[in-house]
Amino acid sequence: MQLNQLFERASALAGHRFADVAAALNIPMPENLRRNKGWVGQLLEAALGASAGSQALQDFPELGVELKTIPLDAQGKPLETTFVCTTPLVDIDQLTWETSNVRNKLQCVLWIPVDGRRDVPLAERRIGTAFLWQPTPAQDAQLKADWQEHMDKIALGEVETITAHQGEVLQLRPKAANSRVLTDAIGPDGQLIQTLPRGFYLKTHFTAQIIAQTFEVPHAPPAR
DNA sequence: TCATGATCATGA
DNA sequence: TCATGATCATGA
């Protein structure tokens, strides 16, 4: 598949109800997302033929494109942060921003805004207008700075001091089935410790900015 | 009210 | 367990 073909397919989904897309693909539709949090993302993956499955790859490796749904409220603002990838906590000494999973995933993103309003039945919510995004040099620099700061702390054995408040645009938060899940990490004295698995997430003000810059229309000349 | 920390489903 | 797909729900 070519990039323009993928983009055309994604564009053609705009305005369609989740229920109709699911029916066309024979995918069962839950009442709500409470026990199916990833359902909309998986629906769109199926609709567009994403291939990577559960591998740590972009959704369309041959195109270098990552697919991300983003739930919006009635004002068109993101309702949730955007998960990027799990955070490596051991064997990180050779990692750089340039070779990081975060940069790899965010190099080119096919964003698909979706109606995230909880007061609208899932079946009636609609898909929005897809768009392709690549970080501007300024955005790339922000992401890199946050990534470097988080990874420096992790390398120093300070992962457990990191909260979601840290990072201008990229935050670190738990990414696990529940708060008892444990994985290896570097401890304060350089020893191996057990800690909650973490993931990288884009803060909503960052994705809101991406959406604003994408859909902002040139203003009309002043009336006179 | 809203973001943080907690949580849910599934496949390999 | 760890990767994918994320949203829920409560404390601040």
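Heavy-atom basis, side chains included; hydrogens, waters and symmetry copies ignored. Only a predicted model underlies this, so the values are computations on that prediction, with no experimental measurement involved. In what follows, chains are A, B, ... by sequence order, proteins preceding strands, each numbered from 1.
Note on A/Thr86: every side-chain N or O is 4.0 Å or more away from OP1 and OP2 of C/dC2. For A/Gln42, no side-chain nitrogen or oxygen approaches OP1 or OP2 of B/dA9 to under 4.0 Å. Within the structure, every side-chain polar atom (N or O) of A/Thr183 is placed at least 4.0 Å from both OP1 and OP2 of C/dT1.
Hydrophobic cluster membership is shared by A/Leu33 and A/Ile27, with clusters built from Ile, Leu, Val, Met, Phe, Trp and Tyr side chains linked at under 4.5 angstrom.
Between A/Asn36 atom CG and C/dT7 atom C1' there is a gap of 11 Å when expressed in whole angstrom units. Here C/dC2 presents its P atom at 7 Å from CG of A/Asp184, a figure rounded to the nearest Å.
Nucleic acid contact class of A/Glu66 (heavy atoms, under 4.0 Å, all strands): sugar-phosphate only. Across all strands shown, A/Arg173 has heavy atoms under 4.0 Å from base atoms, whether or not it also approaches the sugar-phosphate. Counting non-hydrogen atoms under 4.0 angstrom, A/Thr69 reaches the backbone sugars and phosphates but no base. Here A/Gly41 lies in heavy-atom contact (under 4.0 Å) with sugar-phosphate atoms only. A/Lys105 comes within contact range of the sugar-phosphate backbone alone, with a heavy-atom separation under 4.0 Å but no base atom that close. At a threshold of 4.0 angstrom between heavy atoms, the contacts of A/Ala177 include nucleobase atoms, whether or not backbone atoms are also involved.
A salt bridge links A/Arg118 with A/Glu80: the closest approach of a Lys/Arg side-chain nitrogen to an acidic carboxylate oxygen falls below 4.0 angstrom.
With side-chain heavy atoms closer than 4.5 Å counting as contact, directly or through intermediates, A/Leu79 stands alone and belongs to no larger hydrophobic cluster.
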